[in-house]
Amino acid sequence: MKVIIIGGVAGGATAAARLRRLNEQAKIILLEKGEFISFANCGLPYYIGGEITEKSKLILQSPKSFRNRFNVDVRLQHEAIGIDRSAKTVTIKTYPAGETYSESYDKLILSPGAVPILPEIDGIAAERIFTLRTIRDTYKIKEFIDSKKPKKAVIAGGGYIGLETAENLYRLGMDVTIIQRSNQVLAPFDYDAACDVHRHIESKGVHLYLNSDITEKTRQQPYAGSLRNADLVIAAIGVVPDSGLARSAGLALNENGCIVVNSRMLTSDENIYAVGDAAEVTDFVTGQKAFIPLAGPANKQGRIAADNICSIASKYCGTQGSSILRVFDMTAAATGINEKTAAKMGFRYDKCFLCQPGHAGYYPDAALMAMKVIFESGSGRILGAQITGYDGVDKRCDVLATAIRAGMTAYDLTKLELCYAPPYSSAKDPVNMAGFAIENILTGKVKQFHWHNVATLPRGGSIILLDTRTEKEYANGHIGGFINIPLDSLRSRLDELDKNKTVYVTCQVGQRGYSASRILSQNGFDVYNLSGGYRLYHSIFGAG
């Protein structure tokens with residue numbers, strides 16, 4: 001059997017290694033148009049910033065090591081430029097010679113990846129504009145920084161690569177501006193969950209412009225001068241599947257340009273598989289087709305394609321978009337679907353905001369993490385989660401990602417026995433607490449209202465707006481119209497409240513508000529608690 005793999009990095013290199021482990025006699029050819037077969041794509045910004053100091057650390061496999069370990073014929077700077085499906089041949093062009101030749105195959109795996117979108121930016125010299133996708137891109141940016149010593153950098157795009165690059169340029173001492181077209185950074189997050197990230201970025205002195213663009217039509221925006229005066233511009237506005245070769249070969253593509261595959265990663269041709277960023281995936285939660293370019297899924301897909309070529313019935317069961325990044329010293333992680341997607345897809349869903357310390361509050365340096373969990377109304381099935389904070393964000397998001405994959409509900413979260421010691425967690429882990437909070441909603445122990453409901457609440461005395469924080473907390477900032485009765489005084493001051501009026505309660509993060517709601521509801525009041533409390537409201541709107 002002869003297998004040609006077009007493209008290395010995550011999907012292609014994984015497929016080649018798996019094929020060899022399964023079939024020692026197969027002839028395996030890996031074609032890579034670039035200069036590197038397998039590299040740490042996600043580590044590129046950290047080399048630019050100096051955290052990764054050696055170029056060699058970015059190279060996961062060399063052609064020699066891959067050949068010695070797996071007996072794979074690796075051909076760098078060999079670009080597949082055509083596929084003849086009827087003849088089962090690939091036309092290949094070599095660089096820098098420019099020669100072409102053909103190679104036959106029994107099975108073909110496409111792993112071309114994705115390519116960055118490069119916008120036209122008027123007024124900026126082309127030599128100052130870069131994308132960051134490959135090792136070569138990284139070296140060019142690093143060489144430019146070392147030789148030109150840029151002082152002002154503009155990042156076009158607030159996605160993962162954009163924010164990671166912004167952080168690393170900031171650490172090099174540059175004046176950094178981030179320009180984002182939408183009203184938030186990090187598209188997998190909802191706006192309310194991203195606001196903590198916005199505040200954190202700005203606290204570092206990085207300029208953040210939301211609802212902004214870098215094209216000529218918006219040149220009057222406040223950032224325009226910074227853009228034209230930028231010494232360095234990184235275009236990180238997104239990627240598109242690199243599916244031109246598949247298109248020219250007549251393979252089925254979807255409307256996003258992704259190569260259509262089935263659960264075995266097989267394309268519309270029975271002898272051709274596709275994996276990685278260019279391949280269409282199914283969203284695990286919604287069941288809809290999607291474009292979710294991530295390294296983890298690409299690795300799994302490469303393995304699955306190799307299995308099926310070797311007659312092992314493996315299936316890819318969908319992508320749920322689990323992702324994480326460091327934003328300066330903050331961590332942001334997400335898994336499953338966000339609220340925007342839940343609403344668009346017509347899910348019967350609800351949401352819960354809570355704020356929990358990453359480890360036991362009495363142990364030094366405990367810092368809060370903000371959690372937003374999306375769940376199915378009625379069943380309590382977990383649909384998605386977004387977490388921002390410091391220590392412990394990663395493991396909580398991983399637990400929730402596992403819960404989503406396993407179809408678990410909030411009730412199941414309450415029963416999880418997770419590792420506990422004061423430096424690492426609390427006896428009731430934040431994941432348990434999310435389960436308890438949602439269980440209280442599902443069982444009617446508390447009714448919620450949200451930050452976006454506050455503005456429409458009637459004023460003028462027809463309802464009671466109650467802040468149950470301490471007098472000092474209240475004095476330091478509160479939502480307009482809310483009166484203050486601290487939680488510890490509430491039972492003795494119930495006669496100040498009119499039972500004929502609905503009470504809307506807030507506290508700092510929602511926990512004292514829940515306790516106040518239980519006191520009030522058991523004393524005959526109709527009461528709602530502000531999910532996420534004043535902290536979330538302040539993160540979105542600023543001081544009251």
Side-chain angles (χ1 to χ4, degrees), residues 117 119 121 154-167 170 176-227 233-239 290-292 321 323-325 327-328 330-345 347 349 351 353 370-374 384-389 449-456 479 530-532 534-544:
I117 301 167
I121 309 174
V154 170
I155 312 296
Y160 285 64
I161 290 293
L163 295 191
E164 289 168 345
T165 305
E167 174 192 341
Y170 167 87
V176 178
T177 297
I178 300 170
I179 299 171
Q180 171 64 23
R181 177 176 294 178
S182 67
N183 69 339
Q184 66 168 88
V185 300
L186 301 178
F189 288 67
D190 290 309
Y191 172 76
D192 43 26
C195 282
D196 273 351
V197 180
H198 299 163
R199 302 288 175 260
H200 191 68
I201 290 170
E202 292 171 329
S203 76
K204 299 298 182 180
V206 172
H207 315 290
L208 176 62
Y209 292 102
L210 302 172
N211 294 308
S212 300
D213 209 337
I214 55 174
T215 59
E216 173 70 22
K217 65 182 180 181
T218 56
R219 199 177 254 188
Q220 298 305 312
Q221 294 288 345
Y223 64 78
S226 298
L227 180 60
V233 177
I234 305 292
I237 62 176
V239 296
F291 173 52
I292 308 176
S323 56
I324 191 169
L325 84 158
V327 188
F328 300 93
M330 175 181 272
T331 301
T335 186
I337 62 172
N338 55 30
E339 184 179 1
K340 292 174 290 191
T341 301
K344 181 180 178 181
M345 298 301 301
F347 277 84
Y349 75 93
K351 59 192 174 187
F353 298 92
M371 305 173 68
K372 178 179 183 178
V373 184
I374 313 297
Q386 301 151 52
I387 310 177
T388 57
F449 70 111
H450 295 287
W451 61 269
H452 49 79
N453 303 130
V454 172
T456 59
I479 304 172
L530 179 59
S531 184
Y534 178 75
R535 182 196 175 280
L536 176 62
Y537 186 89
H538 180 269
S539 174
I540 296 167
F541 295 111

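Residues satisfying the side-chain contact (heavy atoms from CB on, under 4.5 Å) test with Glu167, not counting sequence neighbours, are Glu51, Arg171, Arg326, Phe328. Under the side-chain contact (heavy atoms from CB on, under 4.5 Å) criterion, Ile292 pairs with Val281, Asp283, Ala290, Leu294, Thr319, not counting sequence neighbours. In this structure Lys344 satisfies the side-chain hydrogen bond (donor to acceptor under 3.5 Å, both in side chains) test with no other residue, sequence neighbours excluded. Listed by chain and residue number, nothing satisfies the side-chain hydrogen bond (donor to acceptor under 3.5 Å, both in side chains) test with Tyr170 (two or more places apart in sequence, or in another chain). Applying the ring-ring contact (aromatic ring centres under 6.0 Å, His included) rule to His198 yields no partners; only residues at least two apart in sequence or on another chain are considered. For Thr341, the side-chain contact (heavy atoms from CB on, under 4.5 Å) criterion is met by Thr286, Ile337, Asn338, Met345, not counting sequence neighbours. With sequence neighbours excluded, the residues that form a salt bridge (Lys or Arg N to Asp or Glu O under 4.0 Å) with Lys351 are Glu339. Residues passing the side-chain contact (heavy atoms from CB on, under 4.5 Å) test with Thr388 are Phe189, Asp196, Val197, Met330, Ala332, Ala370, sequence neighbours excluded.
The distance from atom CD1 of Ile479 to atom CG of Leu530, rounded to the nearest 0.5 Å, is 5.5 Å. Residue His207 holds its NE2 atom at 10.5 Å from CD1 of Ile178, rounded to the nearest 0.5 Å.
A side-chain hydrogen bond (donor to acceptor under 3.5 Å, both in side chains) check over residues 155-166, counting only residues at least two apart or in different chains, returns the pairs Tyr160-Ser323.
Classified by interplanar angle (parallel below 30°, tilted 30° to 60°, perpendicular above 60°), the ring pair Tyr534/His538 is tilted.
Residues Leu163 and Ile201 meet the side-chain proximity criterion, which asks for heavy atoms closer than 4.5 Å.
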